[in-house]
Participant: 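Following this message is one structure expressed as structure tokens.
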Amino acid sequence: MGSDFKAIPLIDISPLVEKIDDPAMAGDEGLLDVVWMLDDACREAGFFYVVIKGHGISESLMTEVRDVTRKFFQLPREEKLKIKMTPQSGYRGYQRVGENVTKGKPDMHEAIDCYTPIEPGRYGDLAKPMEGSNLWPDYPSNFDALLENYISLLRDLSRKIMRGIALALGAPLDSFEGGVAGDAFWVLRLIGYPVSDDIPQEERTDIGCGAHTDYGLLTLVNQDDDICALEVRNQSGEWIYAKPVPGTFVCNIGDMLKVWSNGIYQPTLHRVVNNSPRYRVSVAFFYESNFDAAVEPVEFCREKTGGVAKYEKVVYGEHLVQKVLTNFVM
Ligand SMILES: N=C(N)NCCCC[C@H](N)C(=O)O
Ligand SMILES: O=C(O)CCC(=O)C(=O)O
Ligand SMILES: [Fe+2]
């Protein structure tokens, strides 16, 4: 339900990463501890860190991904516009500062948006606006290979965390496989938040990314080590910093998990404010439902919450397309 949390918990998910695919793991004490911590985190903050010991992704890869992102954003404007995001590109590619809007206000970030490639006709009319493949820059030259490897590692990690979250809800281990997320749609946003002084005054607002919840199941954020900018809202309306902890991913749950769990777990509002004198980079990976999944409160979550469905059925792809079509001024 969310609470007056003052801090975001850190979780060592080693037992989950090592044992979650092992059929003999039921009752493993280390794993049950992790499951308990995930349950607590999802109920209280809706946010948690997974620490470097346990998540299995090397800190050097996490740093390299932020470094190539920073290098890209340092290129001249004309160079960045070579991979400009447009409706024709399926909303994939580069967007300049102020192009993304949240609740009607331009966000003070630039970004590259990447999505699971969608072949024409794959989901009929549902996915039409987002059909296409990703636009990768020519420079830095290792960009696409590096990111494709990163995406594949993060998908695997996310799947394991979702298995842990299934257990945390008391649900079957494979609840988020098959029709719900067996073919999980992924989204990668490479984001840069300029120093305020570097934005022309007439375009400037004070918010890097306005308050929002994420759209899918689980988000993993790889953020710069030295800048405090991501803020998470608690029940009293206080903004709590998700301060950088080197080597961690900041994880949070999204809208689809709320619907599926009938509100047992709810996504938490968060925003980004870069008040620091340095350019901030973050790379957000979104692990979502199947594009065409019709997500609705599952029976056993309804039973735990008074028997009545609190949310209507949502087709994930419709939810995403509706967001994408209203997120930009181009
Ligand atoms: N896929 C995700 N979560 N993207 C995050 C962007 C959030 C801001 C967006 N303008 C909005 O208003 O939703
Ligand atoms: O930059 C960050 O730390 C978070 C960005 C975010 O919340 C998003 O893109 O959904
Ligand atoms: Fe977010």
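All residue numbers in this chain count up from 1 along the given sequence. Just so you know, ligand 1 is whichever comes first in the structure, and atom 1 is the first atom listed for that ligand.
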Participant: Check which protein N, O or S atoms are less than 2.8 Å from the Fe ion (ligand 3) and report how many there are.
Facilitator: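 Count of protein N, O, S atoms less than 2.8 Å from the Fe ion (ligand 3): 3.
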Participant: Could Arg163 and Asp174 be called an ion pair, given the rule that one side-chain N must be under 4.0 Å from one carboxylate O?
Facilitator: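 Salt bridge: no.
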Participant: Could you list which atoms of ligand 1 come closer than 4.0 Å to a heavy atom of Asn100?
Facilitator: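 Numbered from 1, ligand 1 contributes 9 (C), 10 (N).
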Participant: Working to the nearest 0.5 angstrom, can you tell me the gap between Tyr139 OH and Lys80 NZ?
Facilitator: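 Result: 13.0 Å between the selected atoms.
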Participant: Answer yes or no: is there an ion pair linking Asp224 with Arg70, defined by an N-O contact shorter than 4.0 Å?
Facilitator: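 Salt bridge present between Asp224 and Arg70.
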Participant: Going by heavy-atom distance to atom 3 (O) of ligand 2, choose the closest among Arg280, Arg189, His109, His212.
Facilitator: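 The nearest heavy atom belongs to Arg280.
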Participant: Return the closest protein heavy atom for atom 13 (O) of ligand 1 as residue, atom name and distance.
Facilitator: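 Closest protein heavy atom to atom 13 (O) of ligand 1: Tyr215 OH, 2.5 Å.
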Participant: Where on Ile191 is there a heavy atom closer than 4.0 Å to ligand 2, on the side chain, on the backbone, on both, or on neither?
Facilitator: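 Side chain only.
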Participant: Within the 4.0 Å heavy-atom shell around Val221, which atoms of ligand 2 are there?
Facilitator: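 That gives atoms 3 (O) of ligand 2.
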Participant: Rounded to the nearest 0.5 Å, how far does CG of Asp39 lie from OH of Tyr265?
Facilitator: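 The distance works out to 3.5 Å.
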Participant: Below 4.0 angstrom from a heavy atom of Val101, which ligand 1 atoms are there? Numbered from 1 as shown, please.
Facilitator: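 Those of ligand 1 that fall under 4.0 Å from Val101 are 10 (N), 12 (O).
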Participant: Within ligand 1, which atoms have a heavy atom of His212 less than 4.0 Å away?
Facilitator: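 Contacts of ligand 1 toward His212, numbered from 1: 5 (C), 7 (C).
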Participant: Which bit of Asp214 is near ligand 2, meaning a heavy atom under 4.0 Å away: side chain, backbone, both or neither?
Facilitator: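 Contact part for Asp214 vs ligand 2: side chain (C-beta onward).
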Participant: What's the shortest distance from atom 3 (N) of ligand 1 to any protein heavy atom, and which residue and atom give it?
Facilitator: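 In this structure, atom 3 (N) of ligand 1 has Asp214 OD1, 3.1 Å as its nearest protein heavy atom.
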Participant: Any carboxylate oxygen within less than 4.0 angstrom of a Lys/Arg side-chain nitrogen, looking at Glu110 and Arg96?
Facilitator: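 Salt bridge flag = no for Arg96 with Glu110.
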Participant: Can you tell which part of Asn327 has a heavy atom less than 4.0 Å from ligand 1: side chain, backbone, both or neither?
Facilitator: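 Answer for Asn327: side chain.
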Participant: Would you say Val187 contacts ligand 1, with heavy atoms under 4.0 Å as the rule?
Facilitator: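 Distance cut 4.0 Å: Val187 fails for ligand 1.
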Participant: What atoms of ligand 1 come closer than 4.0 angstrom to any heavy atom of Arg189?
Facilitator: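 The list of qualifying atoms is 4 (N), 6 (C).
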Participant: Measure the CD1-CH2 distance between Ile165 and Trp260 for me, rounded to the nearest 0.5 Å.
Facilitator: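 It comes to 11.0 Å.
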Participant: Among all protein heavy atoms, pick out the one at the shortest distance from atom 4 (C) of ligand 2; state its residue, atom name and that distance to 0.1 Å.
Facilitator: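 Nearest neighbour among protein heavy atoms for atom 4 (C) of ligand 2, to 0.1 Å: Val272 CG2, 3.8 Å.
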Participant: Among protein heavy atoms, which sits nearest to atom 2 (C) of ligand 2, and what does the distance come to when rounded to 0.1 Å?
Facilitator: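 Nearest protein contact, heavy atoms only, for atom 2 (C) of ligand 2 is Ser282 OG, 3.4 Å.
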Participant: What is the closest protein heavy atom to atom 8 (C) of ligand 1, and at what distance does it sit?
Facilitator: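 Of every protein heavy atom, Thr102 OG1, 3.2 Å lies nearest to atom 8 (C) of ligand 1.
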Participant: Looking only at protein heavy atoms, identify the closest one to atom 5 (C) of ligand 2 and say how far it is in Å.
Facilitator: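 Here the closest protein heavy atom is Tyr193 OH, 3.5 Å.
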